[in-house]
Amino acid sequence: PEAQLSLQQAPSEVKELAQTFNMLLSRLAESWEQERQFVSNVSHELRTPLTIVHGYLQSVLRRPSNLTPTQVEALETAAVEAEHTIRLLQDLLDLARADSGNLHFRMNPCVLNDLVAEVVGMAQKYSDRTILIESPNHPIEVKADYNRLKQVLLNLIDNAVKYSEADTSVIVSLQQQDKAAIIQVDDKGYGIPLQHQSRIFERFYRVDETRARSTGGSGLGLSIVKTLIEGMGGSVTVRSRLGEGSIFTISLPISPK
Ligand code: ADP
């Protein structure tokens, strides 16, 4: 009879346990939401004044004749650091938006041949590296957010340039495989050890902290790439060999005709 009693009691105990568990879960969700809100507010509050500081630095640097070479150098360093931080804050804002389901995409037909040419042109402006395009003559079209896709590709090209020597080239290729458009960014750089490859898309994850820090990134680039590309219905993968180079592959579904 005792066993029966405890059995009879079990459901109410389980119920209580479930209630406690649910309460804990909703408190946890609440504190996650607060944390996300905090990151989002801080990023926003910091970005505005920093953008103003950056603007002033740029305008002073536009008249370098009033400055000594040491002053120019100091102001240029300050401007570069401000730019990096503005980008980091923008990335944090995007990730906070994605976490709360508020990252919206303007999905429109995009001709990838044009997008690749435009992004490579942009990247080439900031670096004297050779960036080659391999793209078919016929247009490959997908439905995507053009600006977000540009951001993705620019991030991957930026990394390919950062993590390779100046005398190697980067290849950006576009092709169609069945019902998918494939964009690849291929470098002959340092490569990524196998055990790190599944983790580089995590927030703030960096393989070689010293090298990564000197290149000025934040460790958020690839997590943004993954969030954006998956938000547009695609995927991103990496294939890499240490000392030989890396290939990042973006796949996006081709728009039905
Ligand atoms: P970061 O701002 O550090 O570049 P990312 O999220 O873009 O952050 O990349 C995460 C890490 O992945 C980098 O710190 C680097 O160690 C590695 N990585 C990314 N792209 C490449 C690449 N093309 N070649 C070698 N390593 C790379």
Side-chain angles (χ1 to χ4, degrees), residues 39 43 46-47 50 77 79-99 103 116 119-120 122-124 126-134 147-174 182-232 234-251:
V39 170
S43 309
L46 290 177
R47 197 180 51 158
L50 206 59
T77 309
V80 167
E81 290 301 323
E83 227 173 278
H84 282 157
T85 314
I86 291 167
R87 228 170 89 182
L88 164 69
L89 294 170
Q90 184 58 52
D91 285 352
L92 282 171
L93 268 173
D94 281 346
L95 286 171
R97 280 197 195 116
D99 286 348
L103 191 66
V116 166
V119 176
V120 169
M122 279 166 71
Q124 203 84 78
Y126 296 104
S127 127
D128 38 23
R129 189 69 68 86
T130 313
I131 307 173
L132 304 166
I133 301 178
E134 285 175 5
N147 286 323
R148 290 301 195 181
L149 198 51
K150 257 167 65 178
Q151 189 183 351
V152 163
L153 197 54
L154 208 51
N155 250 313
L156 293 180
I157 296 176
D158 200 38
N159 278 349
V161 170
K162 267 192 326 197
Y163 301 109
S164 60
E165 295 296 336
D167 61 351
T168 61
S169 53
V170 170
I171 303 170
V172 182
S173 66
L174 170 65
I182 308 287
I183 304 175
Q184 288 189 316
V185 179
D186 184 327
D187 68 63
K188 301 281 170 282
Y190 312 132
I192 304 160
L194 193 63
Q195 72 269 28
H196 293 284
Q197 287 176 20
S198 60
R199 301 204 56 193
I200 52 171
F201 295 97
E202 292 172 16
R203 293 176 194 183
F204 296 110
Y205 192 86
R206 310 172 102 175
V207 176
D208 178 345
E209 198 58 41
T210 16
R211 176 182 284 154
R213 202 162 286 285
S214 69
T215 56
S218 63
L220 285 178
L222 286 179
S223 61
I224 294 273
V225 163
K226 190 174 156 72
T227 301
L228 292 181
I229 218 67
E230 289 179 355
M232 291 186 276
S235 64
V236 56
T237 53
V238 62
R239 229 171 52 223
S240 182
R241 236 177 221 278
L242 197 60
E244 288 183 17
S246 311
I247 303 176
F248 284 82
T249 303
I250 296 171
S251 170

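Computed from a prediction, not measured in an experiment: that's the story for all the values here. Start at 1 and go down the list; that is how both ligands and their atoms are numbered.
Between G219 and ligand 1, an N or O atom pair is found at a separation short of 3.5 Å. Note: an N/O pair closer than 3.5 Å links S218 and ligand 1 by distance alone. Close N/O approach between G191 and ligand 1 is not found [any backbone or side-chain N/O within under 3.5 Å].
With distances taken over non-hydrogen atoms, the option nearest atom 10 (C) of ligand 1 out of Y205, Y190, F248 is Y205.
In the model, T85 has no side-chain atom that pairs as donor or acceptor with a side-chain atom of R47 under 3.5 Å. R87 and Q90 are not linked by any side-chain donor-acceptor pair at a separation below 3.5 angstrom, with hydrogens and angles left out of the test. Side chain to side chain, S169 and T130 fail the donor-acceptor criterion of an N or O pair below 3.5 Å.
Salt-bridge check for R129 with D187: failed, with every basic side-chain N at 4.0 Å or more from each acidic carboxylate O.
Between Y205 and H196, the ring planes are tilted. Angles from 30° to 60° get that label.
Counting heavy atoms closer than 4.0 Å to ligand 1, residue K162 contributes side-chain atoms (C-beta onward) but none from N, CA, C or O. With a heavy-atom cut-off of 4.0 Å, V185 does not touch ligand 1 at all.
Proximity to G221 (heavy-atom distance under 4.0 Å) selects the following atoms of ligand 1: 5 (P), 6 (O), 7 (O).
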